[in-house]
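Here is the structure we will look at.
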Amino acid sequence: MEYNELFRFPADEELTTTDLSLFLEKHRRQVNGRYKKLYEAYTSDHDILHQAAKPKHKPDNRIVVNFPKYITDTMNGFFIGNPIKTTSDDDAVSEFVEYIQNYNDQDDNNAELSKICSIYGRGYEMYYTDEESELCITYLSPVDAFMIYDESIVERPLYFVRRYKDNDGIEWGSISDAETVRYFKITGGVKFYEEEQHHFDGVPATEFIENEERQGIFEPVMSMVNAYNKAISEKANDVDYFADAYLKILGAKIENEDIAFIRDTRVMNIEGEDAKSIIAEFMDKPSNDTSQENLLQRLERLIFQVSMVANISDENFGGSSGIALKYKLQAMSNLEKTKERKFTSGMNRRYKLLFGHPASKVPADSWVGLSYRFTPNIPANLLEEAQIAAQIEGITSHETQLKVLSIVDNVKKELDKIDEENAGQVPAVNTMFGPAEVTENEQ
């Protein structure tokens, strides 16, 4: 296992049950260690909730501000809020890809896989055929599966291992290589009991990664998140302290029944000639409100800066538009581009494996001609887009013009619709957004 928690094994050696047991144990330590902490961070189970309890007479607020969930969900809404468009110049390939995506509800699968990658730094897709011999895709978190690579610089997948528990608590698993899937029981020692051919041209799984280090998107800011939770909890404790402050009375003796009367009626009447010298006031500890606010603001700012995810809930964010909005989203856009490249790599392997299966209806090498369109979920200015599309009239193709418009989901289908609408009418000469130009003979 390397710095990025990559499992390796020599390609020229046979993986024995002893070797597999060692990998399963290493994976179990990952799940119970780092993966558990990352999942707890996303689901609001933060360190502040597990600190030692304070004495009963002291306020002990435990406030969790779930920045990890906000950062993860905001980034994934930005990255894949608009579904990925997969197209090909070959209509048959495009239709087959669309069928696979609809059959597997792939837009939702992609969104969940992206979220898993943002939480854990990696996620997996597994491929199989169902009872109808249809090609199927499912996503898995690194809690449930792991990949074993060879020791070459290319990092070729050798084995994909999945593990799960049944209702009786017995743990089972499967391991796939380039040809077969073998099923085994883990509880009581690794024991294989069944084997079958999967017919994919390679290990039938893909690892999708968030970045080369396989680091979760909020992992670098967890220390600041914990500090923020502690600071805001202490601030809440101070509020409780002032609400329950002690009443100090100097110069007069108050009986117990009088204390109860003062507490219940909130009225205090002290007799005597020395009443002017009697002091009655609440005991206050020095206020540190300014320092606390400065710390909270600085931590919040740093959390969003270091995570490179914009705080779109900020009151000053909504007033931005055009180039100003793009500058505010620059760091987030850079992060999105990195994720986009990693996702593209995983999707290339996805379709390479699917098209290489006997159930595929297109040639095995058709995946080379696929193109993926990622559209970041940025508020669109349709007027501005239409103006840009009109201004590049005659400079670019009509297809490129339509790509400028965010409201056009499928450029090729839109061009076909335009051709249908123009059929039988006076043909436009190299224009799409302006008035049609006609020749002298046509006039």
Side-chain angles (χ1 to χ4, degrees), residues 76 80 83-88 90-117 119-120 122-148 156-167 171-184 192-209 342-372:
N76 279 282
I80 208 165
I84 304 168
K85 302 300 180 183
T86 305
T87 58
S88 172
D90 188 328
D91 292 340
V93 175
S94 293
E95 291 176 4
F96 185 59
V97 169
E98 185 175 0
Y99 175 77
I100 290 177
Q101 290 181 336
N102 291 337
Y103 189 83
N104 291 281
D105 197 10
Q106 195 56 36
D107 288 341
D108 181 66
N109 287 350
N110 287 338
E112 290 300 319
L113 183 60
S114 175
K115 184 178 77 173
I116 288 171
C117 289
I119 296 173
Y120 300 105
R122 59 172 55 154
Y124 298 100
E125 267 190 351
M126 187 174 72
Y127 315 113
Y128 62 98
T129 54
D130 61 12
E131 295 80 2
E132 306 297 327
S133 297
E134 296 287 354
L135 294 172
C136 298
I137 309 170
T138 188
Y139 58 86
L140 293 167
S141 86
V143 173
D144 304 312
F146 60 91
M147 189 81 80
I148 302 174
R156 297 183 181 88
L158 287 180
Y159 305 99
F160 178 70
V161 182
R162 174 178 174 252
R163 63 195 310 170
Y164 62 95
K165 287 185 178 180
D166 61 18
N167 295 331
E171 193 171 11
W172 306 84
S174 66
I175 179 168
S176 306
D177 58 21
E179 297 178 353
T180 63
V181 182
R182 290 181 291 168
Y183 301 91
F184 56 89
F192 290 96
Y193 64 88
E194 188 179 350
E195 178 179 327
E196 64 181 9
Q197 299 286 321
H198 56 65
H199 303 295
F200 287 95
D201 187 19
V203 179
T206 301
E207 180 182 25
F208 285 73
I209 60 177
K342 299 301 182 185
F343 226 80
T344 297
S345 177
M347 292 176 72
N348 281 335
R349 177 174 168 80
R350 171 200 294 169
Y351 290 109
K352 181 180 179 181
L353 287 167
L354 293 177
F355 290 175
H357 192 275
S360 171
K361 299 175 184 177
V362 296
D365 60 352
S366 298
W367 67 273
V368 178
L370 294 177
S371 60
Y372 312 107

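Side chains are part of it too, since the values below use all heavy atoms of this structure and drop only hydrogens, waters and symmetry mates. Not measured: the values here are computed from a predicted model.
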Does Arg163 have any salt bridge (Lys or Arg N to Asp or Glu O under 4.0 Å) partners at least two apart in sequence or in another chain, and if so, which? Glu171
Parallel, tilted or perpendicular, judged at 30° and 60°: which one describes the rings of Phe343 and Phe208? tilted
Please list, chain by chain and in numerical order, all residues satisfying salt bridge (Lys or Arg N to Asp or Glu O under 4.0 Å) with Glu125, sequence neighbours excluded. Arg350
Looking at Tyr128, Phe146, Tyr124, Phe200, which hits ring pair (Phe, Tyr, Trp, His ring centres under 6.0 Å) with Phe160? Tyr124
Ser174: side-chain contact (heavy atoms from CB on, under 4.5 Å) partners, not counting sequence neighbours: Arg162, Val181, Tyr183
Atom CD of residue position Glu179 - does it have more than 12 heavy atoms of other residues, nucleotides or ligands inside 6.0 Å? no
With sequence neighbours excluded, what pairs up with Glu112 under the salt bridge (Lys or Arg N to Asp or Glu O under 4.0 Å) test? Lys115
Should we say atom NZ of Lys165 is surrounded by more than 12 heavy atoms from elsewhere, each under 6.0 Å from it? no
Heavy-atom closest contact (Thr180 atom, Glu195 atom, distance): CG2-OE2, 3.6 Å
Asp105: what forms a side-chain hydrogen bond (donor to acceptor under 3.5 Å, both in side chains) with it, not counting sequence neighbours? none
Phe355 vs Phe96 aromatic rings, parallel, tilted or perpendicular, using cut-offs 30° and 60°? tilted
Val362 vs Trp367, test: side chain to side chain contact (heavy atoms under 4.5 Å, CB included). Steps then yes/no. CA-CA 9 Å; Val362 296; Trp367 67 273; over 6 Å; no
Enclosure of Asp201 CG (heavy-atom neighbours >12, cutoff 6.0 Å): no
Stepwise side chain to side chain donor-acceptor pair (under 3.5 Å) test for Ser94 and Thr87: CA-CA 5 Å; Ser94 293; Thr87 58; 5.9 Å; no
Can you list the steps and then say if Met147 with Val203 is a side chain to side chain contact (heavy atoms under 4.5 Å, CB included)? CA-CA 10 Å; Met147 189 81 80; Val203 179; 4.2 Å; yes
Show which side-chain atoms of residues 131-138 pair as donor or acceptor with protein atoms under 3.5 Å away, not counting sequence neighbours.
from, atom 1, to, atom 2, distance (Å)
Glu134, OE1, Tyr99, OH, 3.4
Glu134, OE2, Tyr99, OH, 3.0

Side-chain heavy-atom pair Glu98, Asn102 within 4.5 angstrom cut-off: yes
